[in-house]
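Have a look at the structure below before the remarks.
Below, chain A is the first sequence line, B the second, and so on; all start at residue 1.
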Protein chains: 2
Amino acid sequence: MTKGKRVSPEVRARVLDAADALGYRVNALARGLQGQQSNLVGVVASRLDTPFRALQVRTLAQKLLREGMNPLLLVADAGEDIRALIQNILAYRLAGVIVTSDTPSPDVIEACNRAGVPVVMINRGPAATGTDTVCMDLGAGGRAAFEMLSGGGVRRFGLLAPAQETYSVTGRTRAFVACCEEAGHTVLRLASDGQSHASGKAACAALQAEITAGRIDGLFCATDLLALGVLDGLRHDRGVDIPGTLQVVGFDDIEQASWSAYALSTVRQDIADQAGAAVELAMKRLADPERPFETRTFGLHKVFRGTTRGHAGQSNAQKGPSGEQRR
Amino acid sequence: MTKGKRVSPEVRARVLDAADALGYRVNALARGLQGQQSNLVGVVASRLDTPFRALQVRTLAQKLLREGMNPLLLVADAGEDIRALIQNILAYRLAGVIVTSDTPSPDVIEACNRAGVPVVMINRGPAATGTDTVCMDLGAGGRAAFEMLSGGGVRRFGLLAPAQETYSVTGRTRAFVACCEEAGHTVLRLASDGQSHASGKAACAALQAEITAGRIDGLFCATDLLALGVLDGLRHDRGVDIPGTLQVVGFDDIEQASWSAYALSTVRQDIADQAGAAVELAMKRLADPERPFETRTFGLHKVFRGTTRGHAGQSNAQKGPSGEQRR
DNA sequence: CTGAAAGCGCTAACAA
DNA sequence: TTGTTAGCGCTTTCAG
């Protein structure tokens, strides 16, 4: 039954049939025990009910399954005792852990390191701690947002981002601000209380005040969900003309951004590609634990829809079609 | 370290500290091997990137974790070889399996039965095969949709549902049709090619024809996602007045249904409650494998928003506040 | 109460 | 090629 064993195909088939008839199946627990390792991979994710994360985890799970690995899900939302939970699953001698949580609480990766379990991070800080990493080109992301807005004639830039920023939000946000300032514009910064739709909506009162005061005519929202909330709060509930009075750009390109009622212009990151790269990195490390750590950076694509006025060539933020780079 | 052991709290603390310092942690593989069972629970789900399922799985995972169980995720979308996958995870001597897939391919539950692993089904057919089950009151669901529409003055009823129906869609759909006919109305039935937003949108051409022909003035969509697609295709893209010309009711009450741009009237099923009940049933069976199979039925709530005109008391489809019944 | 030993199901190594 | 054996880390049992 062991994978790499050489048996004549005929015998193999016969054995498999017999096993099936007998209802026998290898005991993965025993196999793992003796082999010092299971084929379980931890997937730690936060806010799983968010469209972005849901797609990410789905893809991750699917690819893992295809590689013969089984995804052990760890929801890492605030309020859970992550330290304890990670210890729990580490007890299964995981083959690896993939982290996509917002708050990768260094605890997690430290615990994994101490247990000798390889970690792959998605959209987290640079791998100071010795992990493989998949990330996007944060600089290009912020720039893309800026260009989409400025290409539409925006002069007074606004930025809406959660007060409590994550690595990836901070990155895109900073790059955006840098671009604006480089172009000689100041940017008006508003803080939301999270990155959900509700948070976006809640920010609209403040937003409207700035609009009527003539202080912004273009807004970059750190997250599509946030942008959608803003659209609902501003366009639908308050009758603000978008993109007439205010142009809006989001980030991620979740499915809902493309729904007609929103038609949100946004900066797309390819979730499926990233997830694929993450499991690929995990498998590679499994095959060769000593290989140098690798980080794969993905490019971003401008997606022009109905909330901006510029359509400068529908170009990508990135030359290559797939938008993947390595270093 | 064993859970039910009696040790003086002082000793326990000391041991735990020492273990921590040494980086020791019980090997769950070994423990499972000797105990004949892991504390892994399989969660088989399809279309994980759908808002409904994402929330369901998130809640499931969370509650499982709280019970000290670890969720092993199995994405069961079409195209995967479910038979093989389920065998794979069964190799881990699961403590149980929770199925929320659309297509619980009897294979899955048969395989579990043969392996002696208890199964809990959510929104699947009655447990002919000996499983615990969580479901909703299908009859009440269809009725609620009918009442919401008829309460708004609808006379010519339409129904949009996937051609290929699942257990739960069939149930609500049938009940809806039965109510219409009982009230002396015929219902115009349209088939979509799935239950996604895109499917709903794709159905709009046909829908518009029926509207202009004066054949429907109220539509029940088997799924919120479908309804949202219809709203986009009809209201936004074709300028149909909703609820003026057509009233629409969805089913599920996913988050997006409440977004201002849609404000979809719908029939709510409480995903979190259902998920909670599912893990509760699983734990109970674990504690007592011999107990009789149980099925918990949940009620549904009418949610009146902007796509209907009747607001008949905002009442629930169900007496009790929680809407839970047992039998 | 503490200590020793058996055995869970598997695979790798070694012997025949 | 086929058959035996040791040992993975744990818990339960039995002896001291």
Side-chain angles (χ1 to χ4, degrees), chain A residues 1-42 67-70 72 84 86-96 111-112 114-118 286-289, chain B residues 1-42 67-70 72 84 86-97 111-112 114-118 286-287 289:
Chain A
M1 308 250 110
T2 308
K3 191 91 158 285
K5 287 296 187 194
R6 23 173 81 190
V7 197
S8 81
E10 191 245 344
V11 175
R12 156 153 283 148
R14 207 136 48 84
V15 172
L16 252 32
D17 282 355
D20 199 47
L22 262 43
Y24 169 88
R25 117 190 62 243
V26 266
N27 185 327
L29 261 21
R31 175 179 277 180
L33 174 57
Q34 103 86 29
Q36 309 285 316
Q37 171 178 107
S38 64
N39 54 122
L40 261 18
V41 172
E67 297 287 347
M69 293 289 153
N70 298 100
L72 205 46
I86 191 80
Q87 296 296 350
N88 256 351
I89 68 170
L90 245 20
Y92 279 96
R93 305 291 124 119
L94 304 183
C112 291
R114 292 210 308 163
V117 175
L286 212 53
D288 173 14
Chain B
M1 307 251 111
T2 309
K3 191 94 157 286
K5 287 296 186 195
R6 21 173 81 189
V7 196
S8 80
E10 191 246 343
V11 175
R12 154 153 284 147
R14 207 138 45 83
V15 172
L16 253 30
D17 282 355
D20 200 46
L22 262 43
Y24 169 89
R25 120 189 60 245
V26 269
N27 185 327
L29 261 20
R31 175 178 278 182
L33 175 57
Q34 105 85 31
Q36 307 286 317
Q37 173 178 113
S38 64
N39 54 122
L40 261 20
V41 173
E67 297 287 347
M69 293 289 153
N70 297 99
L72 203 47
I86 190 78
Q87 296 297 347
N88 255 352
I89 67 171
L90 245 18
Y92 279 96
R93 306 289 123 119
L94 304 182
V97 169
C112 291
R114 292 210 307 164
V117 175
L286 212 52

Please name the pair of heavy atoms, one in [X] and one in [Y], separated by the smallest distance, quoted to 0.1 Å.
X	Y	value
B:Val41	B:Ala95	CG2-CB, 4.4 Å
B:Val26	B:Arg31	CG1-NH2, 3.6 Å
A:Ser38	B:Leu29	CB-CD2, 4.2 Å
B:Leu33	A:Ala30	CD1-CB, 3.6 Å
A:Ile86	A:Cys112	CD1-SG, 4.3 Å

*So, do A:Leu286 and A:Gln37 sit near enough that their side-chain heavy atoms are less than 4.5 Å apart?*
yes

*Trace of the side-chain contact (heavy atoms from CB on, under 4.5 Å) decision for B:Leu72 with A:Leu40*: CA-CA 9 Å; B:Leu72 203 47; A:Leu40 261 18; 4.0 Å; yes

*With sequence neighbours left out, what residues match B:Asn39 under side-chain contact (heavy atoms from CB on, under 4.5 Å)?*
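Per chain and number, B:Asn39 pairs via side-chain contact (heavy atoms from CB on, under 4.5 Å) with A:Tyr92, B:Met69, B:Asn70.
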
So which protein N/O to nucleotides 8-10 of chain D N/O distances come out below 3.5 Å?
unit_1	atom_1	unit_2	atom_2	d
D:dC8	O3'	A:Gln36	NE2	3.3
D:dC10	OP1	B:Tyr24	OH	2.6
D:dC10	OP1	B:Asn27	N	2.9
D:dC10	OP2	B:Tyr24	OH	3.3

*Please give, in whole Å, the distance from C:dC10 C1' to A:Gln37 CD?*
15 Å

*asked:* Give me the stems containing DNA chain D, sorted by first residue, counting only three or more consecutive Watson-Crick or G-U pairs with both distances under 3.5 Å; say none if there aren't any.
replied: C:1-14 with D:3-16

